[in-house]
There are 2 protein chains.
Amino acid sequence: MSRARRTPRQADIARVAGVSQATVSVVLGGNRTGVRLSERTRLRVLEAAERLGYVPDPVATRLASARNNLLGVYTFTPAFPIDVADSYYPILAGIEAEAAALGQDLIMFTGSSAAGDHTRIRRTRLADGCLFLGRHVPVDAVGELLASGFPIVYIGRRTELDGTIPYVGGDYVSASAEVVARLVGAGHRHLRYLREPDEAPSSDDRERGVRTAAADAGLPVDGLVVRTDGSDLTAATLAAWRADGVTALVVEETDTGAVFHATQRALRAAGISVPDDVSLAVLGRPPGDPPGPEISGFEVPRREMGRAAVRLLASLLDPGLGDPAAHRLLTCPPVAGETISAVRP
Amino acid sequence: MSRARRTPRQADIARVAGVSQATVSVVLGGNRTGVRLSERTRLRVLEAAERLGYVPDPVATRLASARNNLLGVYTFTPAFPIDVADSYYPILAGIEAEAAALGQDLIMFTGSSAAGDHTRIRRTRLADGCLFLGRHVPVDAVGELLASGFPIVYIGRRTELDGTIPYVGGDYVSASAEVVARLVGAGHRHLRYLREPDEAPSSDDRERGVRTAAADAGLPVDGLVVRTDGSDLTAATLAAWRADGVTALVVEETDTGAVFHATQRALRAAGISVPDDVSLAVLGRPPGDPPGPEISGFEVPRREMGRAAVRLLASLLDPGLGDPAAHRLLTCPPVAGETISAVRP
DNA sequence: CTGAAAGCGCTTACAG
DNA sequence: CTGAAAGCGCTTACAG
């Protein structure tokens with residue numbers, strides 16, 4: 001029994017079929033260059049390949065040509081967090097589903113601390129193109145990729161590099177405006193919007209939606225937006241707001257849910273009940289799917305984002321598929337929920 | 001602004017440093033062949049590489065040499081199922097964590113139906129080695145991989161190909177025996193073990209543990225094991241068993257949990273309460289973590305399996321790390337739970 | 001209509 | 001001590 005039996009390559013097929021290795025490549029490659037070759041030759045090659053059980057070496061294919069049917073997925077943190085409410089999972093599921101439908105495998109460049117960002121990002125070239133997950137944008141490395149023509153797509157709107165980064169995100173502006181409009185429709189005129197302190201397009205978009213809808217409804221914009229990391233959301237604060245006439249709270253949704261949880265705690269501590277005393281809405285879905293009444297707000301279509309991002313990347317790889325907008329914002333469906341009630345006139 | 005600015009390669013460094021491309025390769029490769037080269041040259045090369053922002057092309061590296069710091073993960077079904085109770089996730093989390101610790105990226109070969117198993121499995125060669133998840137063992141393709149010396153590791157015990165497939169699994173024999181011993185210790189002498197009909201090492205191991213422990217305790221083995229897909233588990237069946245003197249039910253754990261759920265339903269329909277009327281244990285954890293009292297049984301250390309599998313694969317890739325057993329069975333910690341009660345004498 | 005050549009970016013013997 | 005050559009398994013112009 002021979003160990004390490006060599007796996008057949010094109011040269012072996014060529015020998016068996018009595019043609020050159022290059023001809024084998026042409027036949028097996030589906031003759032994309034439109035070379036003329038006799039049907040007899042074609043069949044001989046195909047038969048020999050079949051008989052030898054030939055399967056192309058993906059590494060050599062990739063080195064010689066440009067394509068490998070391999071899509072990268074780059075995350076700055078672990079793709080499979082064990083303790084955090086997992087917002088990656090549905091995105092990954094969507095990516096996987098669409099990639100499989102397109103016959104593409106996935107290569108995960110997961111947050112390893114070994115090498116620097118630059119080296120790790122450069123490694124994404126192993127794939128035909130790469131999806132990026134995470135707020136972080138290392139502009140040097142990503143700019144280099146972009147400049148070299150390597151196709152990338154971010155999940156989530158990105159403004160860096162003069163807005164040249166292709167992305168698929170959620171239309172948080174419209175969805176947030178719709179939530180505020182819903183509150184206004186229920187008679188609310190005095191709101192507070194609670195957002196986390198750090199800047200990010202997804203946060204800014206929500207705030208913009210809130211401000212626009214408030215302005216459209218002629219609501220006072222002064223004091224509307226409150227930046228907080230949650231630590232100053234005490235029972236006293238909420239009680240004061242209520243005494244001030246605030247009838248509805250709108251909370252930003254983030255991965256950690258810090259502000260949302262702080263709000264819930266403070267409401268309970270102040271003995272304010274939802275939605276009888278005050279209405280509550282979340283711009284997204286509260287993390288961890290807490291028990292109790294369903295919170296009003298909107299859905300973030302993460303799975304569909306994953307799918308759409310793969311499709312965008314595929315079209316970037318193959319411009320023949322048409323040149324879609326490099327920036328796509330998906331609609332976030334409203335969630336009626338049970339935490340918005342009408343204001344008594 | 002030039003588009004598609006080329007990314008630096010070794011030849012560029014060679015030009016800048018005034019040496020040959022091969023010398024650059026030697027220096028950058030850490031001089032593993034023990035070639036003698038002057039410190040001056042080494043520094044010049046390193047400096048030029050740094051200045052140009054060089055990062056090796058993984059594809060070329062892989063083609064020319066053997067290593068790529070890339071571990072494959074092959075699944076026969078989607079790695080991110082959307083509707084099934086997810087048993088892959090913790091394994092993937094463990095794989096990712098250990099791979100990151102080892103500075104390896106992951107390439108996911110996810111169940112795409114486009115190509116046949118053979119072609120898809122051959123594609124795993126893109127990686128340095130590959131982990132396989134799933135009961136399915138296509139012996140032809142996997143045997144070919146094995147024969148060619150390509151390192152693979154299965155998650156879960158595998159007996160195919162004369163037991164030559166390296167794997168990391170759970171020690172279900174011992175864990176199952178322990179559960180039965182626990183029941184015996186609580187005075188149970190009359191059990192039923194419910195397992196699904198299809199053969200698999202993980203099922204057979206559990207059954208063996210159950211049989212062994214039962215025999216050791218001098219329990220009747222006749223009628224102990226019941227093969228069922230759940231459809232025949234009616235209230236009448238359970239009532240009859242109980243009338244027969246059965247005091248405890250042991251249920252196999254599987255991905256779908258069909259038998260477990262059927263058992264729960266039938267118990268409820270028959271008005272048999274757990275653990276007052278009958279004790280209940282699951283050989284593993286019930287899928288979906290159902291509400292109610294914690295079911296007695298054992299833990300399947302999925303995360304640790306992922307980690308251990310990566311370590312095994314790494315040692316297969318680098319025999320210098322020592323030659324560990326190619327077959328590893330991890331201990332499954334007992335879960336006391338609340339569904340085993342003592343039998344009244 | 002088909003073959004021979006060059007090249008993708010590396011590594012690893014092998015000459016000097 | 002360092003360079004030139006061959007080769008990994010493919011694809012893609014380019015000759016005949």
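Convention: sequence-line order gives letters A, B, ...; per-chain numbering from 1. Computation of the quantities below employed the complete heavy-atom set of this structure, encompassing side-chain atoms and omitting hydrogens, waters and symmetry-equivalent molecules. Quick caveat: nothing in here was measured; it's all calculated off a predicted structure.
- Between D/dC1, C/dC10, C/dG7, one nucleotide has an atom nearer to the side chain of A/A64 than all others, and that is C/dG7.
- One atom, CZ of B/R40, and another, C1' of D/dT2, lie 13 Å apart when rounded to the nearest Å.
- B/Y154 and B/F76 have parallel rings, their planes meeting at less than 30° on a 0 to 90° scale where 60° marks the start of perpendicular.
- For the pair A/T41 and C/dC1, the criterion of a side-chain N or O lying under 4.0 Å from OP1 or OP2 is not met.
- The pairing partner recorded for C/dA4 is none, the criterion being a Watson-Crick or G-U wobble arrangement whose two distances lie under 3.5 angstrom.
- What separates CG of A/D12 from C1' of D/dC8 is a distance of 14 Å, to the nearest Å.
- Taking 4.0 angstrom as the limit, A/S25 places a side-chain polar atom (N or O) nearer than this to OP1 or OP2 of D/dT11.
- With DNA chain D read from its 5' end, the first of the two nearest nucleotides for B/G18 and B/A60 is the one closest to B/G18.
- Under the Watson-Crick or G-U wobble criterion, with both distances below 3.5 Å, C/dA13 has no partner in any strand shown.
- Salt-bridge formation is not detected for the pair A/E47/A/R42: no Lys NZ or Arg NE/NH1/NH2 atom is positioned less than 4.0 Å from an Asp or Glu carboxylate oxygen.
- Between B/A17 and B/A48, the shortest heavy-atom distance links the atoms CB-CB, 4.2 Å.
- When the P atom of D/dA4 is taken as reference, atom CZ of B/R15 falls 14 Å away, rounded to whole Å.
- Of the candidate nucleotides C/dT12, C/dC10, C/dT2, C/dT2 has the atom lying nearest to any side-chain atom of A/T23.
- In this structure, B/R44 places its CZ atom 11 Å from C1' of D/dT2, rounding to the nearest Å.
- Between the P atom of D/dC8 and the CD atom of A/Q10 lies a distance of 13 Å, rounded to the nearest Å.
- If you measure from atom CG of A/L63 to atom P of C/dG9, you get 7 Å, rounded to the nearest angstrom.
- We find that A/R307 and A/E96 are not joined by a salt bridge, their nearest charged nitrogen and carboxylate oxygen being 4.0 Å or further apart.
- A cation-pi arrangement, defined by a distance under 6.0 Å to the six-membered ring centre and an angle within 45 degrees of its axis, is absent between B/R328 and B/Y167.
- Considering only side-chain atoms of A/A22, the nucleotide from D/dT12, D/dC8, C/dT12 that sits closest is D/dT12.
- You'll find that the side chain of A/V19 is closest to C/dG3, out of D/dC8, D/dT11, C/dG3.
- The nearest whole Å value for the distance from the CG atom in A/D57 to the C1' atom in D/dT11 is 13 Å.
- A straight line from CD1 of B/I13 to C1' of C/dG9 spans 11 Å, rounded to a whole angstrom.
- Nearest-nucleotide assignment on DNA chain C puts the 5′-proximal partner with A/S38, out of A/S38 and A/Q21.
- If you check D/dA4, C/dT12, D/dC10 against the side chain of B/S20, the one that comes closest is D/dA4.
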